[in-house]
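The figures that follow rest on heavy atoms only: side chains count, while hydrogens, waters and symmetry mates do not.
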Amino acid sequence: MTTQDASPTTEQATVPRRVERYDPTAIEPRWQQRWEQLGHYRTDLSDTSRPKFYLLTMYPYPSGDLHIGHWYIKTPTDAIARFHRMHGENVFLPIGFDAFGLPAENAAIKNNINPRDWTMGNIQNMRRQLRSMGATFDWEAEVVTADPSYYRWNQWLFLRFLEAGLAYRQTSTVDWCPNDGTLAREQVEGADRHCWRCGAKVEKRDLPQWYLRVTKYADELLDFSGIDFPEPIRVMQTNWIGRSEGGEIVFETAPAGHHAGGAQLRVFTTRPDTLFGATFMVLAPEHPLVTELTASDRRAEVEAYVAQAANRTEIDRLSTEREKTGVPIGADAINPVNGERIPIFVADYVLGGYGTGAIMAVPAHDERDYEFALKFRLPIRRVVAAPGDEERDMADGAYVAHSAGERLVNSGPYSGLGADEGGAAIVSALEAEGKGKAAITYRLRDWLISRQRYWGTPIPVVYCPDDGIVPVPDEDLPVRLPDTVDYHGSGENPLNRDQAFLNVECPKCGGPARRETDTMDTFMDSAWYWYRYLSPEKAGAPFDRALVERWTPVDQYTGGSEHAVMHLLYAREFTKMMRDVGLIDQDEPFRRLFNQGQILGMDGERMSKSRGNTVDPDDLVAKFGADTVRLFLMFMGPWDQGGPWSPTGIGGVHRFLNRIWTIALDPHGREPGDRESGSLPAGVDEAAGRMAVRQAAHRTLRDVTADYEAFHFNTMIAKLMELANLLMRYRGTVVAGSPEWDEAVRLALLMLAPAAPHITEELWSRRQAAAGETWSSIHRERWPEVDPSAVMEATREVPIQVNGKLRDRITVPTDISSADLEAAALASERVRTILAGRVPLRVVQAGGGRLVNVVVADPG
RNA sequence: GCCGGAGUGGCGGAACAGGCAGACGCGGCGGACUUAAACUCCGCUGCCCGCAAGGGCGUCAGGGUUCGAACCCCUGCUCCGGCACCA
């Protein structure tokens, strides 16, 4: 007797009322409090008796409220944590807040409140919401990046990088967002060049800015061996880094009509094989030689063009659709292989920031150069030809593709060589003369970290009229953000007007100096936060090195793929930089990365407060309970897929939990609405029923375990539903309450525990109470073992096909021989009818007898 | 344009590794329970033909490989994500 109904009244005997209903709102807060009181999820980082598992999930930006998308990332992550704990691992699952950033500052300007107050208020609410998930975050490890105890270490790290030459200040043309200030290159998106965060159109400005020298790691970042990242992320990062192999070639220059003697012009090309096809040269408008090389009679026109290009927002330069523009500068370049003089142009289709900012143009073999050549009526000379294509008309367009057997033509001594071979020969010939060399160029740029905003980490340097750039000494850290600043709503960094902040003594000479007012890109905060989690209170160092050595790299990181070339790349870069300044001893921050999909609004758009399409989990939790919401999010579909939000179907998951409740608490109850209730299925006796229950439970355990390991939560839940449905069928029969039944219920609760922690804890405690045992949390139980003998079956069903079409199913002993199986298949009544006396050509048994296919000649 | 991913019932989605397509859930239909409703439970539910037994068709489209294809190959289409003249 395991029912909880202690005093059944007689009038309930025939139609027993269901036990107390499942009421998550009564259960969930109680258990959450209890777990917290008991400190169940505080991780003892010093415990080395068990294997460690560092599970990290991307910390949220405290925008004010959690939406369903946060739950979609975090509740399955929590299930992973719980699953690992049940395997005896010491799991660390920290949480914190990415608390610096623009929205706080905008709210401050708009509502005249302090960004810190706004942020901290939001964090309060989000802490409550995060707790309502029933997740096992270790709140003792929380970090808030806007706290001086955190950001002082941003500053400290910056100073280490500065010392090591990994941070530097440089004036160059940068992307400027009217709201966010300068942006790193990867933070500008789309053909219309808009800011990744606020969407504003980005302009160009020449400014002195701080950079981190991440390009140093380009090659190392291309190496993903030893880390398990999803293929799409690896591809995106690889493309972003954009390694190109080729050659750098030096051209002498000369004023038009004069002898050589100007500056040298260096170009990068991936196609040195086409050098003989170069018919003009192009400089980017920003190229330093433009001024020097421009002939006096061309100066006015060139300067106008350069000015126009500088002012042009990149919107005008919109994609390749725009017609090429450019002007000749009145100078020539001299082709180092044949001495040919070719004109130099300035044109904005060549980018200042890539390669050398100048190209040799080979219109015959490059579409962009081809287009330019057509417009400016420049010669197009073919130098590579595929076999049989030597007479191709160049009016048809550039020949860009590579094909087998192509040869160089019109290339002097190199004619006749293969393209690769010829290219290599040209490079080595140039190299011998000091006119070129093999070269590799990357698309990746150094990380621009300066932001002209208030609400971020102050960059800890001082500008002294005498000593120049002076780092703030470590002992003066943190450089604190003033709490109150004056916004005039002008959009300009208010720190620039804060005299108390601005004016300092030079740490070197003691004279009057001025502080840097730029703050750091907030991606810097998030580039190392998982190290700080390990010792968030640590003073004197950014982290406890011994703990870092024991606990990192992170074993599993979960979060969205939208930061593929931002946060996820910065994190890798930062780790390598920290390594190189001797702070850590590892190359990569994350062993394994999983990207969940994104939950979109019902309108199919990205969920955001501004779009007004966010879904508030609080409402759903109030209605169905956290367990149902957790389960529903996991059940919707594959975790890496996401999709538009639709609450349709959440009732199904809730019903499932109700069935679990019923099965666990009221095994002997009967369904008044079901005539069959209480009787065994036809042809099943008690022994068979008990066996069926046990078999189903162990098979489910086998499959569910595999699904958890693969993060296949949707099918995991489907299988538990199947088990529940089967148990429901036996409820009220002689099988219910049998040891097999009891075991099945026990396994079901254990299997469900990581995903639905509250209801399973409640039912577990009630079972313990009923058995007179003292309470111990289900979440401290060990994951059960599959009994292999339980999953075996004496007979199995084999589908029989004739010519690949399913015609019958036969039941045979599991250990049947293949000869007997074939005989049994051919003996099938249905098969014989279809064969109609024809003799099979072949009988195929697939997968060790899982299926039989009888092949006969088609009667036609 | 280039790179990556995906197209399966009315819907979300299953299908190990080329072997029973559509698990599980939603929705729909029918039924039970109830004075009634809600809740709950049971059954049916890819499409077409058929009273039924059964048959035909069916995983974006068209070809191919195979005893056998949602899965592999070729051609094309559509959708989603990334990149944005990167020489």
Phosphate OP1/OP2 of [N]: any [X] side-chain N/O under 4.0 Å:
X	N	value
Asn725(A)	C41(B)	no
Thr715(A)	C24(B)	no
Arg655(A)	C39(B)	no
Tyr349(A)	A87(B)	no
Lys805(A)	C57(B)	yes

Any idea which of [options] is nearest the [X] side chain?
X	options	answer
Trp240(A)	A23(B), A84(B), C39(B)	A84(B)
Ile359(A)	G19(B), G55(B), A87(B)	A87(B)
Glu722(A)	A23(B), G55(B), G25(B)	A23(B)
Glu189(A)	G56(B), C83(B), C67(B)	C83(B)
Arg842(A)	A84(B), C67(B), A87(B)	C67(B)
Met728(A)	C42(B), A87(B), G19(B)	C42(B)
Pro638(A)	A14(B), G19(B), G54(B)	A14(B)
Val235(A)	G4(B), A87(B), A84(B)	G4(B)
Leu806(A)	A21(B), A23(B), A87(B)	A21(B)
Phe635(A)	G19(B), A87(B), G12(B)	G12(B)

Can you tell me the distance, in whole Å, between the [atom1] atom of [X] and the [atom2] atom of [N]?
X	N	atom1	atom2	value
Ile660(A)	C41(B)	CD1	C1'	16 Å
Asn658(A)	A38(B)	CG	C1'	14 Å
Glu822(A)	C67(B)	CD	C1'	13 Å
Arg670(A)	A32(B)	CZ	C1'	16 Å
Phe280(A)	A87(B)	CZ	C1'	11 Å
Arg234(A)	C3(B)	CZ	C1'	15 Å
Ile717(A)	G13(B)	CD1	P	14 Å
Leu265(A)	A87(B)	CG	P	18 Å

Students often get this wrong, so: under 4.0 angstrom with heavy atoms, is [X] touching a base, only sugar-phosphate, or nothing?
X	answer
Val844(A)	base
Gln641(A)	sugar-phosphate
Thr441(A)	nothing
Arg659(A)	sugar-phosphate
Arg729(A)	nothing
Asn714(A)	sugar-phosphate
Arg243(A)	nothing

Salt-bridge test for [X] and [Y]: reply yes if a basic N is under 4.0 Å from a carboxylate O, no otherwise.
X	Y	result
Glu722(A)	Lys719(A)	no
Arg243(A)	Asp219(A)	yes
Glu203(A)	Lys201(A)	no

Do the side-chain N and O atoms of Tyr570(A) and Glu186(A) include a donor-acceptor pair separated by under 3.5 angstrom? yes
Looking just at side-chain N and O atoms, do Arg21(A) and Asn658(A) make a donor-acceptor pair shorter than 3.5 Å? no
Checking base pairs now: Watson-Crick or wobble, both atom distances under 3.5 Å. What partners [N]?
N	answer
G27(B)	U45(B)
A53(B)	none
A6(B)	U78(B)
A32(B)	U40(B)
U66(B)	none

Checking Asn853(A) now: which residues fulfil side-chain hydrogen bond (donor to acceptor under 3.5 Å, both in side chains) with it, not counting sequence neighbours? none
What about Lys324(A), does its side chain sit under 3.5 Å from the base of C85(B) through a donor-acceptor pair? yes
Using the ring of Phe372(A) (Phe, Tyr or Trp, six-membered ring only), decide whether Lys324(A) places NZ or CZ under 6.0 Å from its centre and within 45 degrees of its axis. no
Surrounding CD of Gln598(A) (heavy atoms of other residues, nucleotides or ligands, distance under 6.0 Å), is the total greater than 12? yes
Sorted by position of nearest nucleotide on RNA chain B, 5' first, the leading residue of Glu186(A) and Met360(A) is Glu186(A)
Closest-nucleotide ordering on RNA chain B, the 5'-leading residue of Arg850(A) and Thr269(A): Arg850(A)
Regarding G27(B), purine or pyrimidine glycosidic angle vs 90° from 0 gives anti
